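Keep in mind that this is a model prediction, so the values were computed, not measured.
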Amino acid sequence: MIHFLISLSIFGLVLAWVWFVAYPDVYFTMAGAVQGLTLVFLVDVVLGPLLSFLVYNPKKPKKEIFSDFAIIGLVQVGALLYGLNTLYQEHPKAVVVYHKSSATVFNKRELDEVANFNLNGDYSKWGELPVAVYSPSVSRQAPYQTLSNSLNIIQETDKITRPSLSADDKATLENLEKTHGKLYVIAVLAKYNGAYFALNQELQLVAKFGEKPIS
């Protein structure tokens with residue numbers, strides 16, 4: 001019971017870090033937080049305490065009981081560190097919009113491999129992530145432009161995106177525009193799910209809709 005409560009407390013801390021810091025708001029389900037947390041939960045909260053329950057025998061010598069628990073603890077800590085590292089490497093870091101196409105959510109591992117993208121630039125944010133527009137025609141040395149300098153690209157991408165909306169998504173967008181006025185729509189793809197982002201005239205994120213797994 002004590003082992004289970006300790007494991008549950010650790011998982012609670014991991015969940016708080018993932019929810020509030022690593023996988024913020026609209027990106028939580030899109031970028032794989034659920035899958036990562038499921039792995040951590042199964043190993044830390046289910047497997048560890050279950051193994052402790054199975055191997056515990058009050059008739060065993062105390063030294064043997066301690067040895068069993070130590071081995072289980074080491075396995076559990078190793079698996080937890082692996083899960084945390086995976087969550088950290090895969091957590092979303094930035095969004096890149098491609099002209100007349102869609103936007104992609106880059107995780108930390110992917111972003112580390114991207115050249116000429118400085119997160120310290122003056123980028124607007126959708127949710128908690130900085131957003132850049134890939135425009136190599138403007139500058140091959142600095143192809144990642146800010147939203148404020150890329151309104152025409154957002155407008156053209158919106159025109160390409162709207163015909164691909166399903167009937168349900170079109171109805172959702174229509175209701176959103178009744179509330180917020182004319183919106184721009186961008187398809188955004190993350191590791192596990194894709195969705196549509198609705199942006200107001202200031203290119204701020206108004207809503208996410210139509211989320212579904214990437215096939």
Next item on the list: Indicate yes or no: at least one non-hydrogen side-chain atom of Val26 is less than 4.5 angstrom from one of Phe197.
Entry: yes
Notebook entry, point to check: In Å and rounded to the nearest 0.5 Å, what is the OG1 to CD distance from Thr179 to Glu174?
Noted result: 11.0 Å
Checklist line | Atom pair OG1/CZ of Thr86 and Arg109 - distance to nearest 0.5 Å | finding: 10.0 Å
Note to self: With a 3.5 Å distance limit and no angle check, can you tell me whether Glu128 reaches the backbone of Asp25 through a side-chain donor-acceptor pair?
What the structure shows: no
Next item on the list: Could you check if a side-chain atom of Val105 sits within less than 4.5 angstrom of a side-chain atom of Leu189, using non-hydrogen atoms only?
Entry: no
Notebook entry, point to check: If we only count heavy atoms from C-beta on, is the Leu87 to Val40 side-chain gap below 4.5 Å?
Noted result: yes
Next item on the list: For atom OH of Tyr98, decide whether the heavy atoms of other residues, nucleotides or ligands shown that lie under 6.0 angstrom number more than 12.
Entry: yes
Notebook entry, point to check: Heavy-atom distance under 4.5 Å between the side chains of His91 and Lys93, does that happen here?
Noted result: yes
Notebook entry, point to check: Can you list the steps and then say if Glu90 with Lys108 is a side-chain contact (heavy atoms from CB on, under 4.5 Å)?
Noted result: CA-CA 6 Å; Glu90 300 296 324; Lys108 181 186 181 301; over 6 Å; no
Check: CZ of Phe209 to CG of Asn175: how many Å apart, nearest 0.5 Å?
Finding: 10.5 Å
Next item on the list: Using ring pair (Phe, Tyr, Trp, His ring centres under 6.0 Å) as the criterion, list what pairs up with Tyr192, not counting sequence neighbours.
Entry: none
Note to self: So Val95 and Thr104, do their side chains get closer than 4.5 Å, heavy atoms only?
What the structure shows: no
Notebook entry, point to check: If you draw a 6.0 Å radius around CZ in Phe106, do more than 12 non-hydrogen atoms from other residues or ligands fall strictly inside?
Noted result: yes
Check: With no hydrogens and no angle check, do the side chains of Gln145 and Tyr134 hold a donor and an acceptor under 3.5 Å apart?
Finding: no
Scan the side chains in residues 27-37 for donor-acceptor partners under 3.5 Å anywhere in the protein, sequence neighbours excluded, and list what turns up.
residue, atom, partner, partner atom, Å
Tyr27, OH, Trp126, O, 2.7
Thr29, OG1, Glu211, OE1, 3.2
Thr29, OG1, Glu211, OE2, 2.7

Notebook entry, point to check: In Å, rounded to the nearest 0.5 Å, how long is the span from CG of Leu203 to OG of Ser150?
Noted result: 9.0 Å
Check: Does atom CG of Asn152 have more than 12 heavy-atom neighbours from other groups under 6.0 Å away?
Finding: yes
Notebook entry, point to check: Step by step, would you call Ser101 with Ile160 a side-chain contact (heavy atoms from CB on, under 4.5 Å)?
Noted result: CA-CA 7 Å; Ser101 179; Ile160 294 294; over 6 Å; no
Next item on the list: Give the C-alpha distance, both sets of side-chain angles, the deciding distance and a yes or no for side-chain contact (heavy atoms from CB on, under 4.5 Å) between Lys212 and Asp169.
Entry: CA-CA 12 Å; Lys212 51 184 170 290; Asp169 291 335; 4.1 Å; yes
Notebook entry, point to check: Hey, does the side chain of Glu110 reach the backbone of Asn107 with a donor-acceptor pair shorter than 3.5 angstrom?
Noted result: yes
Notebook entry, point to check: Taking 4.0 angstrom as the limit, do Glu177 and Arg162 come out as a salt bridge?
Noted result: yes
Next item on the list: Would you give the length of the straight line joining atom CG of Leu129 to atom OG of Ser124, rounded to the nearest 0.5 angstrom?
Entry: 13.0 Å
Item checked: Validation row: Leu183, Leu199 side chains within 4.5 angstrom (heavy atoms) -> no
Notebook entry, point to check: How many angstroms lie between NZ in Lys208 and OH in Tyr196, if you round to the nearest 0.5 Å?
Noted result: 14.0 Å
